[in-house]
Amino acid sequence: MAGNTFGNIYRLSSFGESHGEAIGGVVDGCPPNIELDLNAIQKELDRRKPGQSAIVTQRKENDEVEFLSGMFEGKTTGTPIGFIVKNTNQKSIDYSHITDVYRPSHADYVYEKKYGIRDYRGGGRSSARETISRVVAGAIAKQIIPEIKINAFVSSVGDIFIDKPYQALDFSLTESNDVRCPDLATAKKMEAYIKEIRKEGDTVGGTITCVIQNVPVGLGEPVFDKLHAELGKAMLSINAVKGFEYGSGFCGAKMKGSEHNDLFNQDGSTKSNLSGGIQGGISNGMDIYFRVAFKPVATTMKEQDTINSKGEMVKMQGKGRHDPCVVPRAVPIVEAMAAMVIVDFYLLNNIFKA
């Protein structure tokens with residue numbers, strides 16, 4: 001299986017399965033002499049871990065990271081940073097009913113057809129538990145660029161949306177509720193809706209908005225390695241993501257050029273920011289903002305028609321512990337992937353001084 005490494009200079013190679021011994025990774029390309037706050041890294045994992053509230057999967061995992069290499073006396077050495085997070089609460093028996101059954105909208109069918117084998121326990125490598133490695137690597141990346149602020153938040157669940165621009169929101173409130181929505185009135189509606197969906201044995205999708213501030217001018221390359229293209233790739237690599245838009249996004253397609261153009265101020269900043277902080281694939285110093293769409297979790301408690309490995313039509317019903325809505329736990333994953341992209345271009349531009 002190829003495709004387990006992300007990044008160019010700052011690279012993450014991840015490994016592990018949902019019901020294996022551990023999830024882990026190797027971060028290569030991290031500059032030396034970065035004083036890492038290990039508690040901050042663990043805090044990011046705590047934001048992603050299961051069992052943290054009544055509206056997420058009740059799998060109980062501490063998700064404590066163990067670093068194996070790449071640090072000495074609290075600082076990075078410039079050598080590969082190896083780490084693992086052990087799995088401690090697997091219930092593989094919850095998946096025994098799908099040993100030869102393909103779950104609708106999962107990777108089961110394509111994995112088996114491509115590789116001739118699949119780990120049916122929790123989806124194996126295709127499980128969102130793989131994102132643990134991304135969160136660790138992203139938490140390290142954030143500490144390389146502390147002046148750049150990356151804030152993601154849940155902006156919609158189902159058809160419930162925040163009706164304010166991000167500039168009107170207080171990002172410090174994002175962690176004050178289980179949904180991770182900084183608009184508290186909307187957060188209450190979202191939480192009630194997720195609980196209602198869960199009682200029905202169903203799932204619901206949503207969107208996450210991410211805002212990156214204090215980005216220097218000049219990150220990104222103007223042809224194939226555009227900054228927004230790399231951010232799009234990063235987000236679309238996250239489990240359950242179905243859409244990505246930055247700046248004006250699809251709404252910009254309805255506008256006239258005279259309406260859409262970001263006119264300059266004398267200092268090079270722009271009066272508006274429909275470009276989303278990126279022009280010609282290169283950061284322009286304005287806020288970078290984008291939105292990521294997540295589909296409903298494919299495992300539901302409702303009975304559905306599907307096929308088995310013999311091509312027979314069968315009935316199946318989800319079992320075990322699953323998220324009714326993935327977006328609350330995906331917020332730190334979006335931030336992590338954004339941080340890795342920004343750091344990669346940051347290092348490519350030789351802005352960082354070791």
Side-chain angles (χ1 to χ4, degrees), residues 44 47-48 55-56 128 131 134-135 138 141-142 148-191 193-194 204-215 227-255 260 262 272-278 283-284 286-296 323 325-342:
E44 292 296 307
R47 296 171 71 206
R48 195 224 70 95
I55 59 171
V56 302
T131 58
R134 303 170 185 234
V135 172
K142 284 183 177 181
I148 296 177
K149 304 303 177 185
I150 302 174
N151 289 285
F153 57 90
V154 174
S155 48
S156 74
V157 170
D159 59 1
I160 303 171
F161 285 80
I162 296 177
D163 60 359
K164 302 174 183 176
Y166 77 81
Q167 295 91 338
L169 300 173
D170 181 355
F171 295 149
S172 69
L173 297 176
T174 300
E175 295 296 317
S176 68
N177 57 83
D178 292 339
V179 184
R180 293 200 166 92
C181 172
D183 185 70
L184 301 187
T186 306
K188 289 181 180 178
K189 295 176 184 177
M190 291 176 174
E191 183 172 355
Y193 185 52
I194 293 172
V204 66
T207 63
I208 291 175
T209 296
C210 185
V211 182
I212 311 175
Q213 298 170 303
N214 302 330
V215 180
L227 178 54
H228 59 270
E230 292 301 307
L231 285 169
K233 175 184 177 181
M235 299 307 141
L236 290 165
S237 75
I238 300 171
N239 308 59
V241 169
K242 287 296 184 181
F244 170 83
E245 65 174 358
Y246 78 101
S248 62
F250 287 96
C251 289
K254 305 174 186 177
M255 301 174 70
H260 192 271
D262 294 320
S272 57
N273 187 20
L274 294 172
S275 298
I278 303 170
S283 61
N284 67 359
M286 301 294 286
D287 290 352
I288 295 171
Y289 62 96
F290 57 85
R291 195 159 63 112
V292 187
F294 288 78
K295 70 173 184 177
D323 291 277
C325 181
V326 74
V327 288
R329 291 178 60 214
V331 167
I333 303 167
V334 168
E335 290 183 2
M337 295 305 295
M340 283 194 279
V341 170
I342 295 297

To check you understand the geometry: which heavy-atom pair defines the closest contact between [X] and [Y], and what is its length?
X: Ala234; Y: Ser237; result: O-OG, 2.7 Å
X: Pro328; Y: Asp178; result: CB-O, 3.6 Å
X: Ala152; Y: Val334; result: CB-CG1, 4.1 Å
X: Ser156; Y: Val327; result: O-CG2, 4.4 Å
X: Thr174; Y: Pro182; result: OG1-CB, 3.6 Å
X: Phe290; Y: Ala338; result: CZ-CB, 4.2 Å

[X] (side chain) donor-acceptor with [Y] (main chain) under 3.5 angstrom:
X: Asn273; Y: Asp287; value: yes
X: Asn177; Y: Cys181; value: yes
X: Arg180; Y: Arg47; value: yes
X: Arg329; Y: Arg48; value: yes
X: Glu245; Y: Arg291; value: no

Lys188 with Glu191: basic N within carboxylate O range, under 4.0 Å: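 Salt bridge between Lys188 and Glu191, a charged N being under 4.0 Å from a carboxylate O: no.
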Decide yes or no for Gln213 and Ile148: does some side-chain heavy atom of the first lie under 4.5 Å from some side-chain heavy atom of the second?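 No. Closest side-chain heavy atoms not under 4.5 Å.
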Could you grab the distance from atom [atom1] of [X] to atom [atom2] of [Y], nearest 0.5 Å is fine?
X: Cys210; Y: Phe244; atom1: SG; atom2: CZ; result: 9.0 Å
X: Met286; Y: Ser272; atom1: CE; atom2: OG; result: 7.5 Å
X: Phe161; Y: Asp183; atom1: CZ; atom2: CG; result: 13.5 Å
X: Tyr166; Y: Asn151; atom1: OH; atom2: CG; result: 11.0 Å
X: Met235; Y: Phe294; atom1: CE; atom2: CZ; result: 8.5 Å
X: Ile162; Y: Lys189; atom1: CD1; atom2: NZ; result: 11.5 Å

Do Phe171 and Phe153 have ring centres separated by under 6.0 Å?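 Yes, they do, as the ring centres are separated by less than 6.0 Å.
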Residues Ile288, Leu227; criterion side-chain contact (heavy atoms from CB on, under 4.5 Å); working and verdict: CA-CA 10 Å; Ile288 295 171; Leu227 178 54; 3.7 Å; yes
All salt bridge (Lys or Arg N to Asp or Glu O under 4.0 Å) counterparts of Glu230, not counting sequence neighbours: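 Salt bridge (Lys or Arg N to Asp or Glu O under 4.0 Å) list for Glu230, sorted by chain: empty.
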Are Lys233 and Leu231 close enough, and set up right, to give a side-chain contact (heavy atoms from CB on, under 4.5 Å), and what steps lead you there? CA-CA 5 Å; Lys233 175 184 177 181; Leu231 285 169; over 6 Å; no
Intermediate values then yes/no, side-chain contact (heavy atoms from CB on, under 4.5 Å), Met255 and Leu274: CA-CA 11 Å; Met255 301 174 70; Leu274 294 172; 3.7 Å; yes
If we check side-chain contact (heavy atoms from CB on, under 4.5 Å) with Ile333, which of these qualifies: Val241, Ile238, Ile208, Val326?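 The single option meeting the side-chain contact (heavy atoms from CB on, under 4.5 Å) with Ile333 is Ile238.
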Test side chain to side chain donor-acceptor pair (under 3.5 Å) applied to Ser275 - qualifying residues, sequence neighbours left out: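 Here the qualifying residues are Asp262, Gln279.
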Any chance you could lay out the side-chain contact (heavy atoms from CB on, under 4.5 Å) test for Thr207 and Val292, step after step, and finish with the verdict? CA-CA 5 Å; Thr207 63; Val292 187; over 6 Å; no
NZ (Lys295) with more than 12 external heavy atoms under 6.0 Å: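 Enclosed: over 12 neighbouring heavy atoms sit under 6.0 Å from NZ of Lys295.
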